[in-house]
Amino acid sequence: MTLAEDAIAWYDANARDLPWRQPDTTPWGVLVSEVMLQQTPVVRVEPAWRAWMTRWPTPAALAADPPSEAIRMWGRLGYPRRAMRLHACAVAMVERHGGDVPSDLDQLLALPGVGTYTGRAVATFAYGQRHPVVDTNVRRVVSRAVEGKPDAGPNTTAADLAAVEELLPSDAAKAARASIAFMEIGALVCTARSPRCADCPFEAICAWRLDGSPPLDGPSRKPQRYAGTDRQVRGLLLEVLRHATGPVPKQRLDLVWTDEVQRARALSGLVEDGLVEPFGGSFVLAGDSPEVQIL
DNA sequence: GAAACGTGGTT
DNA sequence: TAACCAAGTTT
């Protein structure tokens with residue numbers, strides 16, 4: 001049995017029943033799930049994905065609504081620029097691909113918000129192509145099982161893609177199965193903090209395990225602060241704007257944060273990023289038409 | 001390559 | 001409780 005075959009066998013017996021894994025899921029459904037799952041846990045994505053797909057079953061449906069609606073629908077998934085990019089994706093797909101999610105990897109990668117991981121994930125899971133699909137789970141699993149290292153680097157490198165490519169079966173369908181299996185093992189068993197090695201299909205051959213599971217020695221990565229950052233202030237501002245039914249006066253936004261300098265920086269940042277638009281002395285979510293709001 | 005970018009649950 | 005962690009992308 002190869003590593004990939006072991007992984008597939010484990011996946012067949014242990015995979016979670018997630019809605020976007022249903023065989024009738026469209027490429028659009030796969031894309032939406034992949035974008036939502038960028039840095040957001042599965043448990044929070046699941047209900048959001050269902051609601052999103054019900055409202056916008058196709059790229060054309062989303063493209064017909066303003067970005068503000070996408071930002072609202074995004075709710076509290078975090079990184080709301082993803083909602084904006086997904087909307088931009090939908091518009092681009094209508095303009096360039098007849099409203100379809102492209103199957104060509106380069107065309108996928110050209111879409112806003114679609115990077116190395118997401119592009120390959122869609123090409124693989126939605127279209128059955130053979131590509132290395134490398135996310136943080138896969139990097140950790142391969143790092144441990146194959147390379148014997150306790151953890152992987154923070155970002156996917158060309159070397160990571162090449163290493164995973166070597167592990168994939170030549171058959172595209174099996175390769176796709178192996179990729180989702182590697183991810184699932186990383187998510188459920190070979191976890192970052194407390195791996196459940198006793199339940200791991202690679203237990204007997206895992207290089208890290210065979211080496212005594214040495215801990216990470218090097219300098220730990222920088223802790224990600226949140227409290228007091230611009231990100232928090234942006235979040236607070238956006239929270240107000242999401243719930244607003246019309247333009248929000250700047251005086252209202254001034255209430256979310258006392259530090260005027262930081263508040264102004266956060267607001268202008270949101271405007272620069274295209275999430276928010278000024279409207280007179282007020283502000284609205286991008287694409288929100290004040291005329292419509294009055295109705 | 002580092003830093004920015006949200007949010008909430010777990011340890 | 002502070003830090004860690006969660007299917008990354010962009011600049």
All side-chain hydrogen bond (donor to acceptor under 3.5 Å, both in side chains) counterparts of A:Glu239, not counting sequence neighbours: A:Arg76, A:Arg242, A:His243

Test item: A:Thr124 side-chain N/O and A:Arg120 main-chain N/O as donor-acceptor pair under 3.5 Å: yes

C:dC4 to B:dA3 separation - P atoms, rounded to the nearest Å: 15 Å

side-chain contact (heavy atoms from CB on, under 4.5 Å) evaluation trace for A:Asp254 with A:Glu260: CA-CA 8 Å; A:Asp254 287 344; A:Glu260 184 183 340; over 6 Å; no

Heavy-atom donor-acceptor pair, A:Gln262 side chain to A:Gly228 backbone, under 3.5 Å: yes

Test side-chain contact (heavy atoms from CB on, under 4.5 Å) applied to A:Val114 and A:Cys89, step by step: CA-CA 9 Å; A:Val114 176; A:Cys89 249; 4.1 Å; yes

Any donor-acceptor pair under 3.5 Å from A:Arg55 side chain to A:Met73 backbone: no

Interatomic distance, A:Ile71 CD1 vs B:dG6 P [rounded to whole Å]: 11 Å

N/O donor-acceptor pair under 3.5 Å between A:Trp49 side chain and A:Gly29 backbone: yes

DNA chain B-proximal residues of residues 224-242 of chain A, any heavy atom under 4.0 Å: A:Tyr226, A:Asp230, A:Arg231, A:Arg234, A:Gly235, A:Arg242

Under-4.0 Å side-chain N/O to phosphate OP1/OP2 contact, A:Thr118 with C:dT9: yes

Residue pairs, two or more places apart or on separate chains, that pass side chain to side chain donor-acceptor pair (under 3.5 Å) and touch residues 197-214 of chain A: A:Arg196-A:Asp199

Separation between the C1' atoms of B:dT7 and C:dT11, rounded to whole Å: 22 Å

Toward the 5' end of DNA chain C, by each residue's nearest nucleotide, A:Gly113 or A:Met183: A:Met183

Same-atom distance (C1') from C:dC5 to C:dT1, integer angstrom: 16 Å

Shorter than 3.5 Å, N or O on both sides, protein versus nucleotides 9-11 of chain B: list them out with atom names.
from: B:dT11; atom 1: O4'; to: A:Arg193; atom 2: NH1; distance (Å): 3.4

Sugar-phosphate, base or nothing in reach of A:Arg140, heavy atoms under 4.0 Å: sugar-phosphate

Polar side-chain atom of A:Arg140 near backbone of A:Ala152 as donor-acceptor pair, under 3.5 Å: no

Length of the CG-P vector between A:Asp273 and B:dA4, whole Å: 14 Å

Short side-chain donor-acceptor distance under 3.5 Å, A:Tyr79 and A:Arg231: yes

A:Glu184 and A:Asn14 side chains, donor-acceptor separation under 3.5 Å: no

Nucleotide C:dT9, atom P - distance to CZ of A:Arg139 in whole Å: 10 Å

Exam field: side chain A:Arg130 to backbone A:Pro169, donor-acceptor pair closer than 3.5 Å: yes

Non-neighbouring partners of A:Asp106 that pass side chain to side chain contact (heavy atoms under 4.5 Å, CB included), sequence neighbours left out: A:Asp104, A:Leu109

Spacing between A:Gln39 atom CD and C:dC4 atom P, to the nearest angstrom: 15 Å

Sorted by number, the residues of residues 19-38 of chain A with heavy-atom contact under 4.0 Å to DNA chain C: A:Trp20, A:Arg21, A:Glu34, A:Leu37, A:Gln38

Sorted by number, the residues of residues 157-177 of chain A with heavy-atom contact under 4.0 Å to DNA chain C: none

Which residue lies more 5' along DNA chain C, comparing A:Thr116 with A:Thr191 via nearest heavy atoms: A:Thr191

Pairwise P distance for C:dT10 and B:dG8, with rounding to whole Å: 24 Å

Any pair counted as ring-ring contact (aromatic ring centres under 6.0 Å, His included), so long as it reaches residues 88-142 of chain A, sequence neighbours left out: none

Near-strand residues of residues 78-94 of chain A, defined as heavy-atom separation under 4.0 angstrom from DNA chain C: A:Arg85

Distance between C1' atoms of B:dA2 and C:dA7 (Å, rounded): 23 Å

Heavy-atom donor-acceptor pair, A:Thr40 side chain to A:Leu77 backbone, under 3.5 Å: yes

A:Glu34 vs A:Gln38 side-chain heavy atoms within contact, under 4.5 Å: no

Contacts of type ring pair (Phe, Tyr, Trp, His ring centres under 6.0 Å), residue A:Trp52, not counting sequence neighbours: A:Trp56, A:Trp74

Contact residues, residues 122-136 of chain A to DNA chain B [heavy atom, < 4.0 Å]: none

Sugar-phosphate, base or nothing in reach of A:Ala121, heavy atoms under 4.0 Å: nothing

Side-chain cluster (under 4.5 Å, hydrophobic types only) that A:Ile71 belongs to, other residues: A:Met84, A:Val233, A:Leu236, A:Leu237, A:Leu238, A:Val240, A:Leu241, A:Val248, A:Leu253, A:Val256, A:Trp257, A:Leu267, A:Leu270, A:Val271, A:Leu275, A:Val276, A:Phe283, A:Leu285

Protein-nucleotide distance (A:Arg76, atom CZ; B:dT7, atom P), rounded to Å: 5 Å

Shortest non-hydrogen contact from A:Val146 toward A:Ala207: O-CB, 3.8 Å

